[in-house]
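A short worksheet on the structure shown next.
Residue numbering restarts at 1 for every chain, and letters A, B, ... go by the order of the sequence lines. Atom set for the values below is all heavy atoms of this structure, side chains included, hydrogens, waters and symmetry mates excluded. The structure presented is a predicted model; accordingly, all values stated were derived computationally and were not measured.
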Amino acid sequence: MCYDIKASYEAQLKRAKRRGDKRAIEEIIENLIPYTDLPIFHASGFKHPEMLIYPDASTDYPIVATWGMVPPWISDQDQIKSIWNKTLNARGETIFEKPSFKTAALHNRCLIYIDGFYEHHHFDNKVYPFFIQRQDEQPIALAGLWNEWENPANGGKMTTFSIVTTKGNSLMSKIHNNPKLKGPRMPLILSQKLEDEWLKPIVNNDDKLKIKEITEASPSVELKAHTVNKLRGKDYLGNTECISKAVNYKELIF
DNA sequence: CCAGACGTTGTT
DNA sequence: GTCTGG
DNA sequence: CCAGACGTTGTT
DNA sequence: GTCTGG
């Protein structure tokens, strides 16, 4: 599962920067960043933040997109409201089957670069938020699906995305403290090699199988986690830098 | 055939 | 748009 | 996902 | 307990 993320400028621009094209970076900062909610120290998917994603059609130059997939057959604002809280994540195992995701799974895959994500741990009837990041604290590349929706009423365009999830690893199991095999979920984290595989167009069945393989392999990236301040309700601090900082809960036994 | 959905998460 | 359930 | 409401009347 | 809103 993945409903809460941190996405700094540095993380979001990581892929654009790898070519060392300074002019391109300036352009992105000038023309795209103003339309995003960056920097995001914490955002809930349920607030549908605007971020940068790297689509297959333009692998090194990002576009602005809203978190919460709006499938092409949606016809008005009311339908958007009823669907986009349910399409923040897409189960990797079924992206080629679900009506909301199947077209995007074939033709509209993307990468989302974040610093880390947040998960809620339950202990003694209370909820403790954790921030999860790479052990080396480098940005994380997530597998995503995107779509451009056109409003039939006025031709207005809206680009949206969903984060692909997969089976959770042992750290996730511990945070979710779930003994069941059915197990916790986590976002699909891609190694550098798989990032490019994920964006490669599908032209035959082998390509499709390759993508399926990626969604089924458990992420090999080493992660670490610490408790942070509340992410929901009255005690929520909002989108402030300190929200991903470690906070000690004395009563919590983890 | 038409109507209605179309999605994800987890059980301290 | 396309699939599922009745 | 978590937090917060969960109801009625009539009008600041 | 269960549903809605963010």
- prompt: A/Ala90 has a side chain; which of B/dT8, C/dG1, B/dT12 sits nearest to it?
  reply: B/dT8
- request: Could you tell me whether A/Lys174 sits above the aromatic face of A/Phe254, with NZ or CZ closer than 6.0 angstrom to the six-membered ring centre and within 45 degrees of the axis?
  value: yes
message: Using atom P in both nucleotides, what's the gap between D/dG7 and E/dT2 to the nearest angstrom?
response: 15 Å
Contact under 4.0 Å: A/His122 side-chain N or O vs D/dC2 OP1/OP2: yes
field: Heavy-atom side-chain proximity of A/Tyr9 to A/Ile28 below 4.5 angstrom
entry: no
- prompt: How long is the line joining CG of A/Leu88 and P of B/dT8, in whole Å?
  reply: 11 Å
query: Taking the side chain of A/Pro184 as its heavy atoms from C-beta onward, which of B/dG10, B/dT8, D/dA3 lies nearest to it?
result: B/dG10
- prompt: According to the 5.5 Å centroid and 30° plane-angle thresholds, does A/Trp73 stack upon the nucleobase of B/dC6?
  reply: yes
- prompt: Between C/dG1 and A/Lys102, is there an OP1 or OP2 to side-chain N/O distance shorter than 4.0 Å?
  reply: no
query: Can you tell me the Watson-Crick or wobble partner of E/dG1, both distances under 3.5 angstrom?
result: D/dC6
message: Heavy atoms only, 4.0 Å cut-off, all strands: where does A/Ser162 land among base, sugar-phosphate and nothing?
response: nothing
field: A/Asn229 to A/Pro129 - nearest heavy-atom pair and separation
entry: O-CG, 3.4 Å
Rounded interatomic separation in angstrom, taking CD1 from A/Ile74 and C1' from C/dT2: 13 Å
task: Round to the nearest Å and state the distance from A/Glu93 atom CD to B/dT8 atom P.
output: 9 Å
message: Tell me the interatomic distance from A/His107, atom NE2, to C/dG1, atom P, rounded to whole angstroms.
response: 16 Å
task: Give one of base, sugar-phosphate or nothing for A/Lys126, where a contact means two heavy atoms less than 4.0 Å apart.
output: nothing
task: Pick the C1' atom in D/dC2 and in B/dT12, then give their distance to the nearest Å.
output: 15 Å
- request: Among the candidates B/dT8, E/dG6, D/dG4, find the nucleotide nearest to the side-chain atoms of A/Asn89.
  value: B/dT8
message: Using whole Å, what does the distance between atom C1' of nucleotide E/dG6 and atom NZ of A/Lys230 come to?
response: 15 Å
query: Centres of the A/Tyr113 and A/Tyr54 rings: under 6.0 Å?
result: yes
statement: Here the pair of heavy atoms bringing A/Arg91 nearest to A/Thr165 is CA-OG1, 3.7 Å
query: For the base of B/dT12, is there a side-chain donor-acceptor partner from A/Asp124 under 3.5 Å away?
result: no
Nearest listed nucleotide, side chain of A/Arg185, among C/dG1, B/dG10, C/dC3: B/dG10
statement: Between CD1 of A/Ile83 and P of B/dG7 the distance, given in whole Å, is 7 Å
query: For A/Ser100, which contact category applies under a 4.0 Å heavy-atom criterion: base, sugar-phosphate, or nothing?
result: sugar-phosphate
query: OP1, OP2 of E/dG5 versus side-chain N and O of A/Lys81: anything below 4.0 Å?
result: no
- prompt: More than 12 foreign heavy atoms under 6.0 Å from OH of A/Tyr35: is that the case here?
  reply: no
- prompt: For the pair made of CZ in A/Arg232 and C1' in D/dC2, what is the distance, rounded to whole Å?
  reply: 5 Å
Interatomic distance at C1', E/dG5 relative to B/dA3, whole Å: 28 Å
- prompt: Which part of the nucleic acid does A/Asp4 contact within heavy-atom distance under 4.0 Å: base, sugar-phosphate only, or nothing?
  reply: nothing
field: From B/dG7, D/dG4, B/dT8, nucleotide with atom closest to A/Pro99 side chain
entry: B/dG7
message: Taking the P atom in each of B/dC6 and E/dT4, what is the distance between them to the nearest angstrom?
response: 15 Å
statement: Here the distance between atom P of D/dA3 and atom CG of A/Asn229, to the nearest Å, is 13 Å
query: If you look at every heavy atom in A/Phe101 and A/Asn89, which pair is closest and at what distance?
result: CZ-O, 3.6 Å
query: Of the candidate nucleotides D/dC2, B/dG10, E/dG6, which contains the atom at the shortest distance from the side chain of A/Met1?
result: B/dG10
